[in-house]
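The shown structure was predicted, so the numbers you read here are calculated from the model rather than taken from an experiment.
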Amino acid sequence: MMKKLIIFLIIILVSGCSVTVSPKKIVVVDDFSETGSSFALLAYSGVEMALSDLDITEEYTLDFVDISEYASIDDLEQAILDINADVYIGPNFSSVLADVYPIYKNNELFAFIPGASADTINEEDDYVFRFLTSTSEQARQFANLMNDRYQTGSIIYENINLAYSQVISESIQSQASNVINSIDPISEDMSAEDLIASIDPNSEAIVLISSAKTAGIVIQRLRSSGIDIPIYMSGWAQSNTLIEFVGDYTENSFIFSNGYPSKEDNYNVFKDRYLEEYGTVTGHIAMYSYDFMVILNDYIKAGNSFDKEAFKTYMTNNPHQEGYLYSIELNEYGMGTQTMQLLEIKDGEFVQASH
């Protein structure tokens, strides 16, 4: 009897020494419907690719919450809490972030925002991080570009996602008031005649703040109507959808964005692998998501605790971070302070503009 008891105790002790660590859960919170899925899929694929490249697929699970499935903010909040993620990724529209951010803040959730630049979260004491430059800083750099290059110009912005499109447009105008003579909302179904009517006829350049699809359609209609002055888009339009819809009208059309990687050799490898893996051109949302996972993994592999408070302290004390694609500068709130770059489309991809 004593011998059996000793054997039983040994089994219990050995079993107690074997600790099973549950994988951490990463959840992309975004609009996965047909109208919003381009950004959502970029965020999801960026994380997915990082997990594979870093050989940590067994350490994490990847899931999503489709915000388009919920009729109320309360229902969405319950879904976000029920899925009980260790890290939430997204959303990537500023107007959606305005609704989701209070859920993150009030429940002290750990989140990363790859694509939404809303000023809502700029100076908040929370566990939300973003590498992208804020809307207000984008507007400042946009205004400087217009002030430095032109005497007259117009802004047209899409009448959706107004928390971004209208806010940044009005901010650019206020800081470049000597240049910007008109500012008008547009939609993708506007005729060429109506689009032209929304632009000051003396404009030397156009600032177009819109989604990628609308930007492509608008540029086609303007160019085919003889409007050949420079058009400057924001990073909102920086996706494969723009390349698909703009067609051959890429001349004199630019993206002013901070989504272009600073590590060009790594980017050249990444973009080819991404195209091979997903059959489409990558975008800054996928790349920022990828680099967030690289930085988080480096932090964990250095022996640090997977703890939102500890990670927040680490990021605050180390505002310069090196990802695979980007060298990232953060402020004291964990928000990106990147300098924007001028991009153009060449041979079906985004490259740094030659002028």
Side-chain angles (χ1 to χ4, degrees), residues 93-98 115-123 132-219 221-223 225 227-238 242 252-259 335-344 353 355:
F93 287 92
S94 291
S95 56
V96 178
L97 181 61
S117 60
D119 292 330
T120 314
I121 67 174
N122 282 2
E123 298 182 355
L132 193 68
T133 300
S134 68
T135 299
S136 56
E137 177 58 19
Q138 289 182 36
R140 186 189 69 80
Q141 294 187 41
F142 234 127
N144 287 345
L145 176 75
M146 297 303 292
N147 286 327
D148 290 344
R149 294 191 172 200
Y150 303 104
Q151 299 296 315
T152 59
S154 296
I155 298 176
I156 51 177
Y157 65 91
E158 190 168 5
N159 58 357
I160 62 170
N161 193 22
L162 296 177
Y164 176 73
S165 64
Q166 185 175 11
V167 169
I168 191 172
S169 296
E170 291 177 351
S171 184
I172 294 170
Q173 182 190 39
S174 68
Q175 297 176 74
S177 57
N178 292 332
V179 175
I180 303 300
N181 295 327
S182 67
I183 175 172
D184 283 291
I186 61 165
S187 61
E188 70 173 56
D189 58 359
M190 287 178 68
S191 65
E193 291 76 14
D194 288 340
L195 287 170
I196 292 171
S198 68
I199 299 166
D200 184 285
N202 297 314
S203 293
E204 297 173 345
I206 299 167
V207 174
L208 170 58
I209 307 296
S210 76
S211 62
K213 179 182 177 182
T214 297
I217 292 171
V218 167
I219 290 172
R221 288 176 183 160
L222 291 177
R223 297 303 193 215
S225 300
I227 305 298
D228 59 359
I229 59 177
I231 297 176
Y232 295 90
M233 295 162 277
S234 73
W236 185 15
Q238 188 183 342
L242 172 63
N252 233 9
S253 300
F254 305 96
I255 299 275
F256 196 44
S257 167
N258 58 19
M335 301 288 111
T337 60
Q338 315 295 83
T339 299
M340 296 171 69
Q341 295 171 297
L342 202 58
L343 310 179
E344 60 185 344
H355 62 284

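From Gln341, atom CD reaches atom CZ of Phe254 across 14.5 Å, with rounding to the nearest 0.5 Å. Atom CG in Asn144 sits 6.0 Å away from atom CG in Asp148 (nearest 0.5 Å). Interatomic distance, Ile229 CD1 to Ile199 CD1, rounded to the nearest 0.5 Å: 6.5 Å. Rounding to the nearest 0.5 angstrom, the gap separating the CG atom in Asn147 from the CD1 atom in Ile180 is 8.0 Å. Distance check, rounded to the nearest 0.5 Å: CE of Met233 to CD1 of Ile231 gives 7.0 Å. Taken from CD in Gln166 to CD1 in Ile155, the straight-line distance is 11.5 Å, to the nearest 0.5 Å.
At distances below 3.5 Å, not a single donor-acceptor pair connects side-chain atoms of Ser257 with backbone N or O atoms of Gly235. Not one N or O on the side chain of Arg221 forms a donor-acceptor pair closer than 3.5 Å with the backbone of Glu193. Within the 3.5 Å criterion, the main-chain N or O of Leu132 finds no donor-acceptor partner in the side chain of Asn258. Within the 3.5 Å criterion, the main-chain N or O of Ser165 finds a donor-acceptor partner in the side chain of Ser169. With hydrogens and angles disregarded, no donor-acceptor distance shorter than 3.5 Å links the side chain of Gln175 to the backbone of Ala143. A donor-acceptor contact shorter than 3.5 Å is absent between the side chain of Ser198 and the backbone of Asp184. A side-chain donor-acceptor contact under 3.5 Å links Asp119 to the backbone of Ser136. Of the possible donor and acceptor atoms, one in the side chain of Thr133 sits under 3.5 Å from a partner among the backbone N and O of Gln338. Checking side-chain atoms of Ser174 against main-chain N and O of Ser171 turns up a donor-acceptor pair under 3.5 Å.
Pro185 and Met190 make their closest contact through O-SD, 4.3 Å (heavy atoms, listed as atom of the first residue, atom of the second, distance). Smallest separation of non-hydrogen atoms from Ile209 and Val207: CD1-CG1, 3.8 Å. Of all non-hydrogen atoms in Ser134 and Asn122, the two that sit nearest each other are CB-OD1, 3.4 Å. Nearest heavy atom pair, residue Ser210 against residue Trp236, reads C-CE3, 3.2 Å. Closest non-hydrogen pair, Met146 versus Ala205, comes out as CE-CB, 4.0 Å. Between Leu97 and Ala116, the closest heavy-atom pair is CD2-CB, 3.8 Å.
A donor-acceptor pair shorter than 3.5 Å cannot be found between the side chains of Glu158 and Tyr164. No side-chain donor-acceptor contact under 3.5 Å links Ser203 and Thr152. Side-chain N/O atoms of Asn161 and Ser95 include a donor and acceptor closer than 3.5 Å.
Relative orientation of the Phe142 and Phe256 rings is perpendicular, given thresholds of 30° and 60° on the angle between their planes.
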